[in-house]
Colleague: 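Pasting in a structure now, in C-alpha coordinates, and then I'll have a few things to ask.
These figures come from a predicted structure and were not determined experimentally. Counting starts at 1 for both ligands and their atoms, following the listed order.
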Amino acid sequence: MNPRREVIEAGAVAVDGETIVAVGRTDEVAKQHKSGRIIDAKGKIVLPGFVNAHSHAIHNLLRGGLSVDKSLYDWLWNILNPGVISYKSQDAEIGAALFCAEAFSSGVTTVVDNADWGCIDELSKSTIKTYDQFGMRAMYARMIYDTVYPALEDYIKILEAQHPEIVHVGDRNIELENTGSAIRSVENLIREFHRTADGRISVWPSPGITHYSTKECLLKCRELADRYDAMCSIHVAESRYDKEIYGVSSIEYLDRIGFLSDRILAGHCAQINDRDIRIMKLRDTRVAHNPVSNMFLASGIAPIPKMLAAGITIGLGTDDCNCNCSVNMLADMKTAVLLHKVANLDAAAITAEKILEMATIDGARAVRMEKEIGSIESGKKADLIIVDTGLPNLTPCHNVPGTLVYQASGKEVTTTIINGTVVMEDGRISSIEKKYGSLTALLEKAQQSSNEIIERAGLGKIKDRPWRSFSN
Ligand SMILES: [Zn+2]
(Lines give C-alpha, C1' and ligand atoms only; values in the text may rest on other atoms or scores of the structure.)
Protein backbone atom coordinates (compact mmCIF):
# COMPACT_ATOMS: atom_id res chain seq x y z
CA MET A 1 0.00 0.00 0.00
CA ASN A 2 1.86 2.99 -1.35
CA PRO A 3 0.83 5.58 -3.98
CA ARG A 4 1.94 3.16 -6.74
CA ARG A 5 0.14 0.23 -5.08
CA GLU A 6 3.22 -1.97 -5.43
CA VAL A 7 3.28 -5.51 -4.15
CA ILE A 8 6.98 -5.99 -3.35
CA GLU A 9 8.10 -9.62 -3.28
CA ALA A 10 11.08 -10.54 -1.09
CA GLY A 11 10.65 -7.15 0.52
CA ALA A 12 11.74 -5.51 3.75
CA VAL A 13 10.72 -2.55 5.86
CA ALA A 14 13.24 -0.68 8.00
CA VAL A 15 11.98 1.14 11.08
CA ASP A 16 13.83 3.67 13.20
CA GLY A 17 12.01 4.61 16.39
CA GLU A 18 8.43 5.47 15.46
CA THR A 19 9.12 5.88 11.78
CA ILE A 20 9.47 3.81 8.62
CA VAL A 21 12.83 4.74 7.09
CA ALA A 22 13.09 2.36 4.14
CA VAL A 23 10.87 0.06 2.08
CA GLY A 24 12.03 -2.08 -0.82
CA ARG A 25 13.63 -5.35 -1.77
CA THR A 26 15.36 -7.00 1.19
CA ASP A 27 18.84 -6.95 -0.40
CA GLU A 28 18.57 -3.20 -1.05
CA VAL A 29 17.16 -2.31 2.37
CA ALA A 30 19.72 -4.54 4.12
CA LYS A 31 22.61 -2.67 2.47
CA GLN A 32 21.56 0.59 4.16
CA HIS A 33 20.32 -0.82 7.44
CA LYS A 34 22.77 -3.34 8.81
CA SER A 35 22.15 -3.13 12.56
CA GLY A 36 19.11 -3.51 14.75
CA ARG A 37 16.57 -6.12 15.57
CA ILE A 38 15.19 -8.24 12.72
CA ILE A 39 11.67 -9.67 12.62
CA ASP A 40 11.62 -12.46 10.07
CA ALA A 41 8.47 -12.26 7.95
CA LYS A 42 9.58 -14.77 5.34
CA GLY A 43 6.60 -16.36 3.63
CA LYS A 44 4.28 -13.81 5.18
CA ILE A 45 2.60 -10.59 4.06
CA VAL A 46 3.48 -7.23 5.59
CA LEU A 47 0.64 -4.74 5.46
CA PRO A 48 -0.13 -1.34 6.94
CA GLY A 49 -2.11 -1.78 10.16
CA PHE A 50 -5.87 -1.57 9.77
CA VAL A 51 -7.74 1.62 10.63
CA ASN A 52 -10.99 0.73 12.37
CA ALA A 53 -12.90 3.91 11.54
CA HIS A 54 -15.88 3.31 13.84
CA SER A 55 -16.09 1.27 17.00
CA HIS A 56 -17.38 1.37 20.58
CA ALA A 57 -14.65 -0.55 22.31
CA ILE A 58 -15.75 -1.20 25.85
CA HIS A 59 -19.20 -2.43 24.83
CA ASN A 60 -17.49 -5.78 24.35
CA LEU A 61 -18.37 -6.64 27.95
CA LEU A 62 -22.03 -6.70 26.89
CA ARG A 63 -21.42 -9.40 24.29
CA GLY A 64 -22.23 -13.02 24.70
CA GLY A 65 -25.61 -13.29 23.03
CA LEU A 66 -27.54 -10.52 24.80
CA SER A 67 -27.98 -8.30 21.78
CA VAL A 68 -29.02 -10.79 19.13
CA ASP A 69 -32.19 -10.47 17.04
CA LYS A 70 -32.93 -6.87 18.07
CA SER A 71 -33.41 -3.77 15.95
CA LEU A 72 -31.38 -0.61 16.54
CA TYR A 73 -33.47 1.28 19.09
CA ASP A 74 -34.64 -1.82 20.98
CA TRP A 75 -30.99 -2.86 21.28
CA LEU A 76 -29.84 0.67 22.19
CA TRP A 77 -32.34 1.29 24.99
CA ASN A 78 -32.87 -2.22 26.31
CA ILE A 79 -29.33 -3.61 26.15
CA LEU A 80 -26.65 -1.12 25.33
CA ASN A 81 -27.54 1.94 27.38
CA PRO A 82 -28.63 0.06 30.54
CA GLY A 83 -25.41 -1.93 30.24
CA VAL A 84 -22.99 0.95 29.70
CA ILE A 85 -24.37 3.07 32.54
CA SER A 86 -23.79 0.08 34.84
CA TYR A 87 -20.03 0.05 34.16
CA LYS A 88 -17.53 0.99 36.82
CA SER A 89 -14.14 2.41 35.96
CA GLN A 90 -12.40 -0.97 36.39
CA ASP A 91 -14.88 -2.45 33.87
CA ALA A 92 -13.84 0.19 31.34
CA GLU A 93 -10.22 -0.76 31.89
CA ILE A 94 -10.94 -4.48 31.44
CA GLY A 95 -13.12 -3.80 28.38
CA ALA A 96 -10.44 -1.62 26.78
CA ALA A 97 -7.75 -4.24 27.50
CA LEU A 98 -9.95 -6.97 26.00
CA PHE A 99 -10.55 -4.74 22.99
CA CYS A 100 -6.80 -4.17 22.53
CA ALA A 101 -6.15 -7.93 22.70
CA GLU A 102 -8.80 -8.69 20.09
CA ALA A 103 -7.92 -5.72 17.90
CA PHE A 104 -4.15 -6.39 17.86
CA SER A 105 -4.73 -10.02 16.97
CA SER A 106 -6.86 -8.98 14.01
CA GLY A 107 -4.41 -6.34 12.78
CA VAL A 108 -6.11 -3.17 14.01
CA THR A 109 -3.57 -0.46 14.82
CA THR A 110 -5.87 2.58 14.86
CA VAL A 111 -9.38 2.86 16.24
CA VAL A 112 -12.02 5.56 16.39
CA ASP A 113 -13.66 4.72 19.71
CA ASN A 114 -17.12 6.28 19.98
CA ALA A 115 -17.66 6.63 23.70
CA ASP A 116 -21.32 6.47 24.66
CA TRP A 117 -22.20 8.15 27.93
CA GLY A 118 -18.93 10.04 27.80
CA CYS A 119 -20.43 12.08 30.61
CA ILE A 120 -19.29 9.31 32.94
CA ASP A 121 -15.85 10.84 33.21
CA GLU A 122 -14.17 7.95 35.02
CA LEU A 123 -14.98 5.57 32.14
CA SER A 124 -13.37 7.96 29.64
CA LYS A 125 -10.17 8.36 31.61
CA SER A 126 -9.88 4.68 32.39
CA THR A 127 -10.31 3.74 28.71
CA ILE A 128 -7.85 6.33 27.41
CA LYS A 129 -5.21 5.34 29.96
CA THR A 130 -5.58 1.68 28.93
CA TYR A 131 -5.02 2.58 25.25
CA ASP A 132 -1.94 4.51 26.28
CA GLN A 133 -0.65 1.59 28.34
CA PHE A 134 -1.08 -1.12 25.69
CA GLY A 135 0.05 0.99 22.75
CA MET A 136 -3.15 1.44 20.72
CA ARG A 137 -3.48 4.42 18.38
CA ALA A 138 -6.90 5.76 19.33
CA MET A 139 -9.20 8.61 18.50
CA TYR A 140 -11.39 8.81 21.58
CA ALA A 141 -14.65 10.27 20.29
CA ARG A 142 -16.30 11.48 23.48
CA MET A 143 -19.98 11.46 22.60
CA ILE A 144 -22.64 13.87 23.83
CA TYR A 145 -26.40 13.32 24.05
CA ASP A 146 -28.05 16.62 24.97
CA THR A 147 -31.57 16.15 23.60
CA VAL A 148 -33.83 13.52 22.11
CA TYR A 149 -35.82 14.05 18.94
CA PRO A 150 -39.48 14.19 20.11
CA ALA A 151 -40.73 11.69 17.52
CA LEU A 152 -38.38 9.05 18.93
CA GLU A 153 -39.10 9.72 22.60
CA ASP A 154 -42.48 7.95 22.72
CA TYR A 155 -41.19 4.98 20.72
CA ILE A 156 -38.30 4.56 23.14
CA LYS A 157 -40.72 4.63 26.11
CA ILE A 158 -42.76 1.86 24.45
CA LEU A 159 -39.61 -0.23 23.93
CA GLU A 160 -38.43 0.28 27.51
CA ALA A 161 -41.86 -0.61 28.94
CA GLN A 162 -41.52 -4.08 27.45
CA HIS A 163 -38.64 -4.78 29.86
CA PRO A 164 -39.58 -3.43 33.29
CA GLU A 165 -36.94 -5.64 34.92
CA ILE A 166 -34.12 -3.70 33.22
CA VAL A 167 -32.53 -0.72 34.99
CA HIS A 168 -33.03 1.88 32.27
CA VAL A 169 -31.25 5.19 31.92
CA GLY A 170 -34.10 7.10 33.59
CA ASP A 171 -34.09 4.70 36.56
CA ARG A 172 -30.54 5.74 37.38
CA ASN A 173 -31.38 9.44 37.21
CA ILE A 174 -28.86 9.91 34.44
CA GLU A 175 -30.01 12.95 32.51
CA LEU A 176 -29.27 14.04 29.01
CA GLU A 177 -26.32 16.36 29.31
CA ASN A 178 -26.57 20.12 29.62
CA THR A 179 -25.01 21.44 26.41
CA GLY A 180 -22.70 23.98 28.02
CA SER A 181 -21.32 21.66 30.68
CA ALA A 182 -20.94 18.80 28.17
CA ILE A 183 -18.86 21.01 25.90
CA ARG A 184 -16.73 22.14 28.86
CA SER A 185 -16.24 18.52 29.92
CA VAL A 186 -15.16 17.51 26.40
CA GLU A 187 -12.77 20.45 26.21
CA ASN A 188 -11.23 19.47 29.56
CA LEU A 189 -10.71 15.92 28.24
CA ILE A 190 -9.13 17.35 25.07
CA ARG A 191 -6.78 19.53 27.13
CA GLU A 192 -5.75 16.55 29.24
CA PHE A 193 -5.34 13.84 26.58
CA HIS A 194 -5.41 15.19 22.99
CA ARG A 195 -2.17 14.38 21.15
CA THR A 196 -0.68 12.60 24.16
CA ALA A 197 1.15 9.23 24.26
CA ASP A 198 3.65 10.28 21.55
CA GLY A 199 0.70 11.47 19.45
CA ARG A 200 -1.13 8.13 19.58
CA ILE A 201 -4.13 9.39 21.55
CA SER A 202 -6.52 12.01 20.21
CA VAL A 203 -9.77 13.22 21.74
CA TRP A 204 -12.64 14.22 19.46
CA PRO A 205 -15.71 16.24 20.45
CA SER A 206 -18.50 14.05 19.13
CA PRO A 207 -22.22 14.70 19.07
CA GLY A 208 -23.41 11.11 19.41
CA ILE A 209 -26.37 10.85 17.06
CA THR A 210 -28.02 13.51 14.90
CA HIS A 211 -31.35 12.90 16.65
CA TYR A 212 -29.81 13.24 20.13
CA SER A 213 -27.90 16.48 19.51
CA THR A 214 -29.07 20.07 19.68
CA LYS A 215 -27.99 22.43 16.93
CA GLU A 216 -25.92 24.27 19.53
CA CYS A 217 -24.12 21.05 20.50
CA LEU A 218 -23.41 20.14 16.88
CA LEU A 219 -21.94 23.54 16.05
CA LYS A 220 -19.91 23.82 19.26
CA CYS A 221 -18.41 20.38 18.69
CA ARG A 222 -17.45 21.39 15.17
CA GLU A 223 -15.90 24.59 16.48
CA LEU A 224 -13.87 22.61 19.05
CA ALA A 225 -12.72 20.20 16.32
CA ASP A 226 -11.52 23.14 14.21
CA ARG A 227 -9.78 24.78 17.16
CA TYR A 228 -7.96 21.68 18.38
CA ASP A 229 -7.25 20.12 14.97
CA ALA A 230 -9.54 17.19 15.74
CA MET A 231 -12.67 15.72 14.13
CA CYS A 232 -16.26 14.98 15.13
CA SER A 233 -17.54 11.44 14.85
CA ILE A 234 -21.32 11.22 14.61
CA HIS A 235 -23.99 8.61 13.79
CA VAL A 236 -25.98 9.73 10.75
CA ALA A 237 -28.93 8.10 9.01
CA GLU A 238 -28.07 4.74 10.50
CA SER A 239 -31.59 3.33 10.19
CA ARG A 240 -35.09 4.20 9.03
CA TYR A 241 -35.73 5.70 12.48
CA ASP A 242 -33.13 8.42 11.98
CA LYS A 243 -33.18 8.79 8.22
CA GLU A 244 -35.01 12.11 8.43
CA ILE A 245 -35.30 14.95 10.88
CA TYR A 246 -37.69 17.93 10.76
CA GLY A 247 -39.01 16.59 7.46
CA VAL A 248 -35.68 16.61 5.62
CA SER A 249 -32.90 14.05 5.33
CA SER A 250 -30.45 13.97 8.21
CA ILE A 251 -27.60 14.91 5.88
CA GLU A 252 -29.52 17.89 4.49
CA TYR A 253 -30.34 19.07 8.01
CA LEU A 254 -26.71 18.80 9.14
CA ASP A 255 -25.62 20.73 6.08
CA ARG A 256 -28.26 23.46 6.45
CA ILE A 257 -27.14 24.23 9.99
CA GLY A 258 -23.52 24.48 8.85
CA PHE A 259 -22.24 21.34 10.55
CA LEU A 260 -20.81 19.31 7.68
CA SER A 261 -17.16 19.74 6.75
CA ASP A 262 -14.00 17.72 6.15
CA ARG A 263 -13.66 17.36 9.92
CA ILE A 264 -16.87 15.33 10.19
CA LEU A 265 -16.69 11.53 10.20
CA ALA A 266 -20.25 10.38 9.55
CA GLY A 267 -20.85 6.86 10.76
CA HIS A 268 -23.21 4.54 8.86
CA CYS A 269 -25.11 6.70 6.30
CA ALA A 270 -27.10 3.54 5.59
CA GLN A 271 -30.25 5.51 4.73
CA ILE A 272 -29.12 8.32 2.45
CA ASN A 273 -30.15 9.43 -1.04
CA ASP A 274 -28.36 10.70 -4.15
CA ARG A 275 -28.73 14.31 -3.07
CA ASP A 276 -27.16 13.51 0.30
CA ILE A 277 -24.20 12.01 -1.55
CA ARG A 278 -23.75 15.21 -3.58
CA ILE A 279 -23.89 17.30 -0.39
CA MET A 280 -21.33 15.09 1.35
CA LYS A 281 -18.98 15.28 -1.61
CA LEU A 282 -19.36 19.06 -1.72
CA ARG A 283 -18.43 19.33 1.99
CA ASP A 284 -15.75 16.61 1.78
CA THR A 285 -17.44 14.89 4.71
CA ARG A 286 -15.83 11.55 5.57
CA VAL A 287 -17.78 8.32 6.06
CA ALA A 288 -17.28 5.28 8.30
CA HIS A 289 -18.97 2.24 6.78
CA ASN A 290 -20.05 -0.48 9.22
CA PRO A 291 -21.46 -3.29 7.08
CA VAL A 292 -21.70 -6.02 9.70
CA SER A 293 -23.45 -3.81 12.24
CA ASN A 294 -25.87 -2.54 9.59
CA MET A 295 -26.73 -6.13 8.71
CA PHE A 296 -26.83 -7.31 12.35
CA LEU A 297 -29.38 -4.65 13.35
CA ALA A 298 -31.14 -4.76 9.97
CA SER A 299 -30.50 -1.02 9.64
CA GLY A 300 -29.96 -0.82 5.89
CA ILE A 301 -27.37 -0.95 3.14
CA ALA A 302 -25.22 2.15 2.74
CA PRO A 303 -24.85 3.02 -0.96
CA ILE A 304 -21.08 2.62 -0.79
CA PRO A 305 -20.41 2.03 -4.53
CA LYS A 306 -22.29 5.25 -5.33
CA MET A 307 -20.39 7.15 -2.68
CA LEU A 308 -17.08 5.78 -3.95
CA ALA A 309 -18.00 6.78 -7.51
CA ALA A 310 -18.77 10.28 -6.22
CA GLY A 311 -15.28 10.45 -4.69
CA ILE A 312 -16.29 10.41 -1.03
CA THR A 313 -13.63 9.17 1.41
CA ILE A 314 -14.85 6.03 3.17
CA GLY A 315 -13.20 4.08 5.96
CA LEU A 316 -14.31 0.70 7.28
CA GLY A 317 -15.50 0.19 10.83
CA THR A 318 -16.37 -2.86 12.88
CA ASP A 319 -18.78 -0.69 14.91
CA ASP A 320 -19.93 -1.93 18.22
CA CYS A 321 -18.42 -5.01 19.76
CA ASN A 322 -22.00 -5.65 20.82
CA CYS A 323 -23.69 -5.42 17.41
CA ASN A 324 -21.13 -7.07 15.16
CA CYS A 325 -20.09 -8.88 17.54
CA SER A 326 -16.38 -9.06 16.84
CA VAL A 327 -13.40 -6.88 16.01
CA ASN A 328 -12.17 -8.47 12.83
CA MET A 329 -11.33 -6.20 9.92
CA LEU A 330 -10.38 -8.98 7.51
CA ALA A 331 -13.67 -10.79 8.07
CA ASP A 332 -15.58 -7.51 7.76
CA MET A 333 -13.81 -6.73 4.47
CA LYS A 334 -15.18 -9.92 2.98
CA THR A 335 -18.65 -9.25 4.36
CA ALA A 336 -18.58 -5.72 2.97
CA VAL A 337 -17.67 -6.72 -0.56
CA LEU A 338 -20.19 -9.57 -0.57
CA LEU A 339 -22.94 -7.28 0.70
CA HIS A 340 -22.43 -4.71 -2.04
CA LYS A 341 -22.05 -7.33 -4.76
CA VAL A 342 -25.44 -8.84 -4.00
CA ALA A 343 -27.17 -5.54 -3.19
CA ASN A 344 -26.16 -4.20 -6.62
CA LEU A 345 -26.14 -7.52 -8.50
CA ASP A 346 -22.65 -6.45 -9.56
CA ALA A 347 -19.76 -8.84 -8.86
CA ALA A 348 -17.25 -5.97 -9.07
CA ALA A 349 -19.24 -3.44 -7.01
CA ILE A 350 -16.25 -3.13 -4.65
CA THR A 351 -12.99 -4.77 -5.64
CA ALA A 352 -10.68 -6.63 -3.26
CA GLU A 353 -8.12 -3.87 -3.77
CA LYS A 354 -10.62 -1.13 -2.90
CA ILE A 355 -11.78 -2.75 0.34
CA LEU A 356 -8.11 -3.12 1.37
CA GLU A 357 -7.67 0.59 0.65
CA MET A 358 -10.77 1.35 2.73
CA ALA A 359 -9.29 -0.61 5.65
CA THR A 360 -5.93 1.17 5.41
CA ILE A 361 -5.15 4.35 3.44
CA ASP A 362 -8.76 5.47 2.91
CA GLY A 363 -9.42 4.87 6.60
CA ALA A 364 -6.38 7.01 7.36
CA ARG A 365 -7.80 9.74 5.12
CA ALA A 366 -11.20 9.36 6.80
CA VAL A 367 -9.54 10.27 10.12
CA ARG A 368 -7.32 12.94 8.49
CA MET A 369 -4.11 11.01 9.16
CA GLU A 370 -3.22 9.95 5.62
CA LYS A 371 0.12 11.75 5.83
CA GLU A 372 1.10 9.71 8.89
CA ILE A 373 -0.48 6.25 8.62
CA GLY A 374 -2.38 3.94 6.27
CA SER A 375 0.46 2.89 3.95
CA ILE A 376 4.00 1.57 4.06
CA GLU A 377 6.17 4.49 2.99
CA SER A 378 9.37 6.09 4.22
CA GLY A 379 8.60 8.88 6.66
CA LYS A 380 5.31 7.42 7.83
CA LYS A 381 4.60 6.06 11.30
CA ALA A 382 5.51 2.40 11.65
CA ASP A 383 2.01 0.92 12.02
CA LEU A 384 2.52 -2.52 10.47
CA ILE A 385 1.07 -6.00 10.63
CA ILE A 386 2.37 -9.37 9.50
CA VAL A 387 -0.07 -11.92 8.11
CA ASP A 388 0.84 -15.60 8.01
CA THR A 389 0.15 -17.21 4.65
CA GLY A 390 1.46 -20.67 5.57
CA LEU A 391 -2.03 -21.95 6.29
CA PRO A 392 -4.40 -24.21 4.37
CA ASN A 393 -7.00 -21.47 3.82
CA LEU A 394 -4.41 -19.06 2.38
CA THR A 395 -2.94 -21.61 -0.01
CA PRO A 396 -2.46 -21.16 -2.90
CA CYS A 397 -1.88 -17.41 -3.07
CA HIS A 398 -1.44 -15.67 -6.43
CA ASN A 399 -3.05 -12.26 -6.14
CA VAL A 400 -2.42 -10.85 -2.67
CA PRO A 401 -5.48 -8.58 -2.25
CA GLY A 402 -7.84 -11.24 -3.59
CA THR A 403 -6.34 -13.91 -1.34
CA LEU A 404 -6.44 -11.75 1.79
CA VAL A 405 -9.98 -10.48 1.36
CA TYR A 406 -11.64 -13.73 0.35
CA GLN A 407 -9.56 -16.44 2.06
CA ALA A 408 -8.42 -14.97 5.37
CA SER A 409 -10.58 -15.53 8.45
CA GLY A 410 -8.96 -12.68 10.36
CA LYS A 411 -6.97 -14.91 12.71
CA GLU A 412 -3.84 -15.01 10.55
CA VAL A 413 -2.20 -11.85 11.90
CA THR A 414 0.89 -12.91 13.82
CA THR A 415 2.60 -9.61 14.62
CA THR A 416 1.30 -6.08 15.13
CA ILE A 417 3.45 -2.95 15.38
CA ILE A 418 2.12 0.48 16.36
CA ASN A 419 4.23 3.63 16.25
CA GLY A 420 7.33 1.45 15.93
CA THR A 421 6.51 -0.60 19.03
CA VAL A 422 5.81 -4.32 18.70
CA VAL A 423 2.51 -4.69 20.58
CA MET A 424 1.95 -8.33 19.55
CA GLU A 425 4.55 -10.80 18.36
CA ASP A 426 3.85 -14.35 17.20
CA GLY A 427 0.37 -13.99 18.62
CA ARG A 428 1.53 -12.99 22.10
CA ILE A 429 0.78 -9.64 23.69
CA SER A 430 3.44 -9.31 26.35
CA SER A 431 2.00 -6.11 27.87
CA ILE A 432 -1.29 -7.91 28.59
CA GLU A 433 0.55 -10.93 30.00
CA LYS A 434 2.63 -8.64 32.20
CA LYS A 435 -0.37 -6.77 33.58
CA TYR A 436 -2.84 -9.65 34.02
CA GLY A 437 -0.51 -12.64 34.32
CA SER A 438 -1.80 -14.21 31.10
CA LEU A 439 -4.33 -13.63 28.37
CA THR A 440 -6.52 -16.28 30.00
CA ALA A 441 -6.49 -14.32 33.25
CA LEU A 442 -7.70 -11.22 31.38
CA LEU A 443 -10.50 -13.24 29.76
CA GLU A 444 -11.60 -14.54 33.17
CA LYS A 445 -11.66 -10.99 34.53
CA ALA A 446 -13.67 -9.85 31.50
CA GLN A 447 -16.26 -12.60 32.04
CA GLN A 448 -16.50 -11.67 35.73
CA SER A 449 -16.88 -7.95 34.95
CA SER A 450 -19.55 -8.76 32.39
CA ASN A 451 -21.47 -10.95 34.88
CA GLU A 452 -21.52 -8.11 37.40
CA ILE A 453 -22.56 -5.49 34.84
CA ILE A 454 -25.45 -7.68 33.67
CA GLU A 455 -26.55 -8.13 37.28
CA ARG A 456 -26.44 -4.38 37.99
CA ALA A 457 -28.27 -3.58 34.73
CA GLY A 458 -31.05 -6.09 35.35
CA LEU A 459 -30.26 -7.91 32.11
CA GLY A 460 -30.45 -11.39 33.68
CA LYS A 461 -33.82 -12.21 32.10
CA ILE A 462 -32.42 -11.51 28.64
CA LYS A 463 -29.32 -13.54 29.44
CA ASP A 464 -31.43 -16.52 30.51
CA ARG A 465 -34.10 -16.20 27.84
CA PRO A 466 -35.79 -19.41 26.75
CA TRP A 467 -34.94 -21.13 23.49
CA ARG A 468 -36.64 -19.20 20.69
CA SER A 469 -37.04 -20.70 17.25
CA PHE A 470 -39.18 -17.75 16.16
CA SER A 471 -39.51 -14.21 17.46
CA ASN A 472 -41.90 -11.28 17.06
ZN1 LIG B 1 -21.61 3.42 16.36
Colleague: Find out whether M143 and S206 are in side-chain contact, i.e. whether some heavy atom of one side chain is under 4.5 Å from a heavy atom of the other.
Modeller: yes

Colleague: Assess the pair H268 and H289: is the distance between their ring centroids shorter than 6.0 Å?
Modeller: no

Colleague: With distance as the sole criterion, is a donor-acceptor pair present between the side chains of Y140 and N114 under 3.5 Å?
Modeller: no

Colleague: I want to check something: taking the side chain as every heavy atom from C-beta on, are I94 and L442 in contact at a cut-off of under 4.5 Å?
Modeller: yes

Colleague: With the Zn ion (ligand 1) at the centre, find the angle made by NE2 from H56 and OD1 from D319, to 10°.
Modeller: 90°

Colleague: Just give me the atom name: the N, O or S atom of H54 closest to the Zn ion (ligand 1).
Modeller: NE2

Colleague: Write the atom name of the N, O or S atom in H235 that is nearest the Zn ion (ligand 1).
Modeller: NE2

